[in-house]
Every structure is written in structure tokens, then in C-alpha cells.
Amino acid sequence: MKVLSGIQPTGRFHWGNYFGAIRQYIELQDNEQSFYFIADLHALTTVRDPKVLRQNIQDSALDLLALGLQPEKATLFRQSDVPEVAELTWLLMTITQMHLLEKCHAYKDKKARGLAADAGLFTYPVLMAADILMYDSNVVPVGVDQVQHIEVTRDLAQRFNSLYGDDCLVLPEAHVLDSSAKVPGTDGEKMSKSYGNTIPLFDTPKKIRKIINRIKTDSTPVEDPKTPEACAVFNLYRLFATPQQQDELAARYRAGGMGYGEAKTTLYEAAMAYFSESFEKRADLEQRPDDVEDILLQGAKQARQKARDVLERVRTACGLKSLPPEL
Ligand code: ADP
Ligand code: TRP
């Protein structure tokens, strides 16, 4: 399997990103090819402050490594370190029908809210298709919200192949985890940066505790029985707990006599234990920025080798000359 995925450095990663995306990357890193990149070119459609973007990119690299991405197994790189992807985006753009992009949700949602969308947001799925097709990827681990983009990628690859030759581009498949749509935020809705309801993966324990305390619960009195499945605290706890631990907490909800404050403490402790190794690893990496940069550059070197091969094939197929030698 040739696995590839990207994640946008648009802010600090949260529990939704981990359970919906990053954990899958890590589980798949033992494959024949596993490429993971920080989608900084994509992030430019939303992050307009260069200082913030630089910091986000650095934080993303630290977070991914701290959470268990191993550079010996997986190739980790910055999207913009492989400029070939911008060329492939153009080549794909020339065969992309407008209606395909008009129905994509990021653009459609923005338009429906009466906001002006720029061409970057409109053509975002084409850049994402190039990210995937650039490395002959056949498996793309993503959250459910990204499945539409994988469909677009398949459409574009099929169209390109039917115009220029059957074996030119590899058709990818989405690899979606069932739980990926379901990580709730502090308000019980889907956890997302855009809703301001996130629980960060890495912050001070005190801050994380404070955010957990803010999770919305109903007003059932302490002594009354409660429904675990209807409670965001319980649904978050499930991410960290074994089935047996889940059953135990569920039983305490149903029995009554336990307040939500206690459930929040249980959640906090479970989360801190779950991520304790990653906290230590991140603190260590933070002291070694040069090593982190080396990992990213080494990753980019490997990714570019593959990208050049694919671009050569694509250029030739559509009638362009081979890549010129380095001038
Ligand atoms: P955000 O919504 O916070 O801006 P992104 O859109 O950058 O997050 O998501 C990055 C990845 O994390 C995507 O693959 C997405 O599916 C996954 N993801 C984000 N939030 C959640 C969530 N609440 N539950 C499950 N997966 C999520
Ligand atoms: N669009 C994805 C997101 O917002 C990030 C991304 C960019 C991506 N290029 C990709 C994911 C290629 C998978 C494959 O989550």
C-alpha cells in the first residue's frame, strides 16, 4: 500500500484531529510507502499572517512527531518543499470541469453564507488531488469530511487517464475510520477550530483541565441517574478508555449519585495518562529545532524524488517535454 495524507497547519491540533486523522496516520506508517505532509499551501487560503503560519507549521511538525510519527518509517514533509505539486495542480486544472468544483462543500458553504470565496478556495480540491496523485498514492486516510475530495481526485485521475493514457495516474481510495466524524467538542457539537469548541492536544495540564471543566452538560441533579451516551464527557472518555473502563463509567452514570464534575475528572485523568509519553516527547523535541528541520528536509528530499518521477510521466503523457535538467 502507498499511503499518503496531509493535515493543514491552521492552528493547534486538537483531540478531533488526533482521533479523526493523526492516529490513523500513525497506525499506517509501517506500509510500503507512507507519506505525510503539513499542508502549508492549503493553509494559505485561511492563515494570512506569515508569523502565525510559520509557528503553526513548526507546531504541526512537533505535534506529529511527538504523537508517534517515526521518520524512519514515515516520510514527513512540508507540502511547499515539493514545488512539483504546484505544476501538477496546473496540469490537472486544465482538465477540471467547473461544475465538479462548484459542488465541493468548502466553497459551497462559504458561498451559501454570502461570503466572497477566492480562487484558492475554489480550486483547493485540485491542489489536494495533485497532493495525492503526485506520489502514486493508493490509500488516503482521512476524516469523513474529506471523502468528497478523494472522489474529486478519482474523477480527475480518470479523466486525465482517458485523455492521455490509462496507466498515467493511480486512482486512490479513501480510508475512513468510523469514529472519525464523531469527536464532540466542549459544546457537544463536532469538535472544530471553526466552532471554538476544541480541546488542544498539547497545552499546560492546567489549561486542559480548565477546558474540560467547560464541557457542556445538562442540569440533571447529582443524585439522579444519567444517560452516558447523551453526554459529551462520556463520549470523549470512550476515546481513551478500554471497553471495560467504559462500562464502569457508564454504570456509574446510570446508577445516579455521580456528578458531572466527577466524570470530568475521570476524563481528564484518562486523557493525561493517554498522552503522557507524547507530552514528554514534545518537550524534548522543542529543545532540538535543528533535528526537527533535518527530519522535514530529509522527508522533502524523498518525496521530491518520487514527485519528479511522476511529473516526468505526466508531462510526457500530455505532450510537454521532459523536465529540463537543473539549470
Ligand atoms: P478543524 O475542523 O478543527 O479545522 P481540520 O478540518 O483541519 O480541523 O481537520 C483535520 C483532520 O482532522 C481532518 O482529517 C478531519 O477529518 C479531522 N477532524 C477534525 N475535527 C474532527 C472531529 N471533531 N472528529 C473527527 N475528526 C476530525
Ligand atoms: N484537505 C485536507 C484537510 O483539510 C488536508 C489535505 C490536503 C489532504 N491535501 C491532502 C488530506 C491530501 C489528504 C490527502 O483535512
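Every number for a ligand or one of its atoms is a count from 1 in the order of the listing.
Scanning all protein heavy atoms for the shortest distance to atom 6 (C) of ligand 2 gives G6 O, 3.7 Å. The protein non-hydrogen atom at the shortest distance from atom 9 (N) of ligand 2 is D131 OD2, 2.7 Å.
Under the 4.0 angstrom criterion for non-hydrogen atoms, K190 is in contact with ligand 1.
The shortest side-chain heavy-atom distance between I7 and S60 does not fall under the 4.5 Å cut-off. Side-chain contact between F275 and L201: present, with at least one pair of heavy atoms (C-beta onward) separated by less than 4.5 Å.
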Worksheet item: Where do F13 and Y25 land on the ring pair (Phe, Tyr, Trp, His ring centres under 6.0 Å) test, with the steps shown first?
Response: CA-CA 14 Å; F13 292 149; Y25 299 174; 9.0 Å; no
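Although no hydrogens or angles enter the test, the distance criterion places no donor-acceptor pair under 3.5 Å between the side chain of N138 and the main chain of E173. With D203 contributing its side chain and I208 its backbone, the two residues share no donor-acceptor pair below 3.5 Å.
Only the side chain of V140 comes within 4.0 Å of ligand 2, counting heavy atoms alone; its backbone N, CA, C and O stay farther away. If you look at M191 next to ligand 1, the close heavy atoms, those under 4.0 Å, come from the backbone and the side chain alike. Here I132 has side-chain heavy atoms under 4.0 Å from ligand 2, and that is the only part of it that gets that close. Contacts of S192 with ligand 1, taken as heavy-atom pairs under 4.0 Å, involve both backbone and side chain. At a heavy-atom cutoff of 4.0 Å, ligand 2 is contacted by the side chain of Q146 but not by its backbone.
Atoms of ligand 2 found under 4.0 Å from any heavy atom of V142, numbered from 1 in the order shown, are 13 (C). Set against the non-hydrogen atoms of F37, the atoms of ligand 2 under 4.0 Å away are 9 (N), 10 (C), 12 (C). In the vicinity of S5, heavy-atom distances shorter than 4.0 Å reach the ligand 2 atoms 11 (C), 13 (C). Atoms of ligand 1 found under 4.0 Å from any heavy atom of A21, numbered from 1 in the order shown, are 11 (C), 12 (O), 14 (O).
Once rounded to the nearest 0.5 Å, the distance linking OG of S137 with CE of M1 reads 11.5 Å. From N17, atom CG reaches atom CG of D63 across 9.5 Å, with rounding to the nearest 0.5 Å. For the atom pair CG of L67 and CD of E277, the computed distance is 11.0 Å after rounding to the nearest 0.5 Å.
For atom 7 (C) of ligand 2, the choice among H42, H149, Q79 with the nearest heavy atom turns out to be H42. Among V176, L239, V142, D145, the residue whose heavy atom sits closest to atom 13 (C) of ligand 1 is D145.
Polar contact check, K193 against ligand 1: a nitrogen or oxygen pair lies under 3.5 Å apart. Checked by distance only, ligand 2 and Y124 come closer than 3.5 Å through their nitrogen or oxygen atoms. Where the criterion is an N or O separation shorter than 3.5 Å, residue side chain and backbone included, H14 meets it with respect to ligand 1. Remark: ligand 1 and Q8 share no N or O pair separated by less than 3.5 Å (distance only, no angle test). Where the criterion is an N or O separation shorter than 3.5 Å, residue side chain and backbone included, G16 meets it with respect to ligand 1.
Taking the charged nitrogens against the carboxylate oxygens, K103 and D155 have no contact shorter than 4.0 Å, which rules out a salt bridge.
When each of T217, V222, N213 is checked for a side-chain contact (heavy atoms from CB on, under 4.5 Å) with Y260, only T217 meets the rule. Partner D136 forms a side chain to side chain donor-acceptor pair (under 3.5 Å) with one of K306, Q33, K2 and no other, that one being K306.
Hydrophobic cluster membership is shared by V140 and F160, with clusters built from Ile, Leu, Val, Met, Phe, Trp and Tyr side chains linked at under 4.5 angstrom.
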